[in-house]
Amino acid sequence: MPPYNRPLSFSERRGAVFNEELSLNTHNVKLSQQRPRGPPTPSMSTPAADFEQVTGSPPPPPTPAASPGPSHSRLNWSNAGEDEEAYLAGLRKYFVQCNGGQRTRLLADLLNLCTSGQLSFVHQFVSPLLKKDPFTTLPDELCLRILSFIDDPKVLARASQVSRRWRDLLSDDMTWKNLCVKHDYQRRLSQVQPPTYAALTARPEAYSFGLQDDDSESHGFSGALTSMSLPATFDRSALERPVLRSYKSHFKQRYLVDAAWRSGGRNVTRNITQDGGVVTSLHLTSKYIIVALDNAKIHVFDTEGNALRTLQGHVMGVWAMIPRDDILVSGGCDRDVRVWDLSTGACVHTLRGHTSTVRCLKMSDATTAISGSRDTTLRIWDIQTGLCKNVLVGHQASVRCLEIKGDIVVSGSYDATAKVWSISEGRCLHTLQGHYSHIYAIAFDGQRVATGSLDTSVRIWNAQTSECLAVLQGHTSLVGQLQMRGNTLVTGGSDGSVRIWSLERFCPIHRLAAHDNSVTSLQFDDTRVVSGGSDGRVKVWDLKTGNLVRELVTQGEAVWRVAFEEEKCVAMALKNGRTVMEVWSFSPPTEEMADEQSMLPPHRRLDGPVPDRPLSAFSLDYRGSGSAGGMQDVVMLDAGPSTAPLQQSGATFHDQ
């Protein structure tokens with residue numbers, strides 16, 4: 001049987017024919033070629049002839065075409081004849097006098113006489129002359145519509161450097177407003193107009209079974225959120241910054257903050273105790289960082305981590321506290337509830353009545369605090385007069401946790417039940433029964449109650465009817481951390497896992513293997529989840545994707561508590577036998593935001609909320625020299641959506 005010969009491929013046959021023709025045209029001069037190759041790919045360099053590719057391996061990637069050179073190269077007149085200029089002048093005069101048809105025939109005849117190199121020169125010379133900037137002819141509204149499809153801030157920043165016209169178009173605030181929407185950079189009222197004290201201290205009125213404004217999710221984007229959307233830990237240090245009056249400024253600030261959370265930030269470490277005292281409670285407010293320990297002391301710091309004062313008065317460990325403005329209410333093992341003035345450090349009132357450890361504390365308004373105790377009762381206190389207004393009796397074991405919304409307080413107990421109480425009436429409205437063991441954590445949004453238990457389950461209840469809406473299972477140990485925000489619930493357990501749940505479908509969105517041991521602290525906002533564990537680590541997670549963003553604390557023996565707000569994070573950890581506090585700041589430098597107001601020309605600055613009508617519809621003079629005189633461009637790194645990881649560290653967003 002004759003041996004099998006593989007047929008030649010198309011490239012090999014064509015290469016053989018090409019080699020044969022080349023040999024005939026060169027009078028049988030043999031050209032050395034190790035292997036036949038197909039024709040080169042247009043605009044790409046041909047691989048070397050002696051490149052030996054392994055059989056079965058993919059072909060090498062094509063080499064990109066070289067970057068284009070200058071559009072117009074200077075002509076060499078050094079070897080021009082004496083009569084050449086005179087002849088060209090006559091030709092130009094004749095060409096000017098020709099009509100359209102004559103010009104076309106003349107050019108066609110000349111081009112037919114040109115060589116390939118000369119035609120290439122004509123192409124390079126003519127191509128730039130045929131290009132036209134569409135933004136110079138299209139209406140402003142259509143240009144802005146085109147720009148609205150770009151969601152990469154780096155592309156917009158580069159585009160603003162093309163020309164003055166492009167710069168002015170990209171200064172229109174509607175473009176950056178749309179970009180804020182795409183990146184979920186919701187805007188606060190305080191960043192549209194100067195905040196007032198009344199706006200910062202306003203509290204929602206008491207109500208029964210309704211979502212409070214400060215916890216409700218706003219999916220719309222009407223230009224500015226109300227002051228009720230500000231979290232309880234709103235950073236009032238923002239008052240020291242220039243008021244941001246444009247969405248471009250707002251986007252820049254949020255971009256810088258997100259970049260710092262992912263790969264930057266500045267941290268300060270402070271030693272709290274030398275003997276490794278246990279941190280029982282931590283609060284981060286607009287003015288203070290407040291730390292309570294089991295050694296009966298309460299330490300007060302400013303938001304930069306500088307010690308202000310130590311509150312001493314409790315005789316045993318402090319296990320619960322709640323701040324509000326310059327008032328702090330605390331309780332502990334000595335069974336007392338104390339009211340402190342944080343500005344002076346003085347104890348205003350000592351509230352007595354509990355017969356066992358005060359385990360949880362909340363405030364319903366500026367004058368009312370509610371405490372839960374191991375004596376099975378809840379007490380309602382008037383912190384202005386120091387009197388007990390009511391005692392809520394009904395639990396059969398220690399009250400471990402409580403939460404307040406308006407006139408309703410919900411409590412969780414070691415008797416495996418949760419109760420819904422009316423503050424004004426002082427009575428129990430509902431008892432939520434279903435857990436098989438102690439309840440350690442509770443969350444309440446005004447309509448739904450979430451409880452976490454030692455039986456490893458999380459239950460969702462209707463606060464109006466006491467109906468159990470769902471049982472969320474997945475944890476394998478005690479669920480001790482809960483937070484509810486809109487239709488999202490995040491839970492942390494002693495099994496080291498963090499789970500993100502949808503309260504619309506009652507199913508898990510993400511399952512995070514967060515820590516090697518118990519989750520000791522948990523908090524999340526619209527963008528990120530921050531968790532601390534007894535493995536000594538603090539981790540930041542992306543809420544939407546469930547991906548790990550970074551580890552803030554990595555070399556601790558244990559993490560007691562973590563608290564954060566938009567531009568700051570505080571972690572209490574045990575390191576080398578000492579209790580330390582790490583304060584992370586993610587605020588953009590002041591000088592980065594100081595000149596934002598001057599980035600828009602005077603007639604385009606915003607003194608109030610952004611109108612729905614594009615600013616370009618009023619007047620947009622892009623030809624005058626003064627329209628862009630005060631403008632500065634921004635350079636941003638690739639970010640993609642707000643949930644996408646940055647491509648490199650040290651992200652910068654600065655003016656050039």
Side-chain angles (χ1 to χ4, degrees), residues 64 128 130-187 191-192 218-225 244-259 262 526-527 542-545 596 599-601 604 606 609-623 627-628 631-648 651-656:
L130 297 177
K131 294 180 180 179
K132 191 175 184 64
D133 184 357
F135 286 171
T136 59
T137 56
L138 295 177
D140 296 338
E141 289 74 13
L142 187 54
C143 296
L144 294 175
R145 176 63 176 169
I146 295 172
L147 292 173
S148 67
F149 291 98
I150 302 176
D151 57 4
D152 188 346
K154 186 177 181 181
V155 173
L156 292 179
R158 286 175 174 173
S160 67
Q161 302 174 7
V162 171
S163 66
R164 186 171 294 162
R165 164 65 168 168
W166 287 48
R167 180 189 296 244
D168 278 345
L169 282 173
L170 289 168
S171 296
D172 191 286
D173 226 30
M174 289 301 295
T175 302
W176 294 95
K177 177 180 177 180
N178 293 334
L179 200 62
C180 287
V181 175
K182 293 177 181 178
H183 286 250
D184 293 332
Y185 287 170
Q186 292 183 344
R187 195 173 184 197
Q191 293 168 324
V192 179
S218 177
H219 298 285
F221 200 88
S222 58
L225 303 180
L244 304 181
R245 297 186 183 276
S246 73
Y247 279 94
K248 185 176 182 179
S249 303
H250 174 71
F251 185 90
K252 176 179 178 179
Q253 181 198 357
R254 291 293 302 270
Y255 182 91
L256 286 171
V257 171
D258 279 356
R262 295 180 184 278
D526 291 332
T527 305
D542 190 291
L543 177 66
K544 295 183 179 179
T545 65
E596 282 301 311
M599 292 186 67
L600 289 175
R604 294 171 61 83
L606 304 178
V610 179
D612 292 333
R613 186 185 182 192
L615 294 181
S616 57
F618 298 100
S619 64
L620 184 61
D621 180 14
Y622 62 90
R623 297 176 180 85
S627 63
M631 288 288 296
Q632 299 183 23
D633 295 320
V634 292
V635 177
M636 303 176 64
L637 293 177
D638 285 315
S642 60
T643 58
L646 292 178
Q647 299 301 317
Q648 52 184 302
T652 58
F653 186 141
H654 58 275
D655 299 330
Q656 289 186 344

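To the nearest 0.5 Å, atoms CG (Leu147) and CG (Asn178) are separated by 10.0 Å. Atom CZ of Arg145 and atom CD of Glu141 lie 12.5 Å apart (nearest 0.5 Å). Here the straight-line distance linking atom CG of Leu144 with atom CG of Asp173 works out to 11.0 Å at 0.5 Å rounding. Here the CZ-CZ distance, from Arg167 to Arg164, works out to 8.0 Å after rounding to the nearest 0.5 Å. Note that NE2 of His183 is 5.5 Å distant from CG of Asp151, once rounded to the nearest 0.5 Å. Considering CZ of Phe251 and OG of Ser246, their distance stands at 12.0 Å, rounded to 0.5 Å.
Sorted by first and then second residue, the ring pair (Phe, Tyr, Trp, His ring centres under 6.0 Å) pairs involving residues 139-161 (not counting sequence neighbours) form an empty list.
In this structure, Tyr185 and His250 have perpendicular ring planes: the angle between them is above 60°, well past the 30° mark.
The backbone N or O of Asp152 lies less than 3.5 Å from no partner atom in the side chain of Lys182, so there is not a single donor-acceptor pair. Under a 3.5 Å cut-off, the side chain of Trp166 and the backbone N or O of Leu156 do not form any donor-acceptor pair.
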Derivation of the salt bridge (Lys or Arg N to Asp or Glu O under 4.0 Å) call for Arg165 and Asp140: CA-CA 10 Å; Arg165 164 65 168 168; Asp140 296 338; 2.7 Å; yes
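Between Gln161 and Arg158 there is no side-chain heavy-atom pair separated by less than 4.5 Å.
Taking Leu138 as the reference, Pro134, Leu142, Cys143, Ile146 meet the side chain to side chain contact (heavy atoms under 4.5 Å, CB included) condition, with sequence neighbours excluded.
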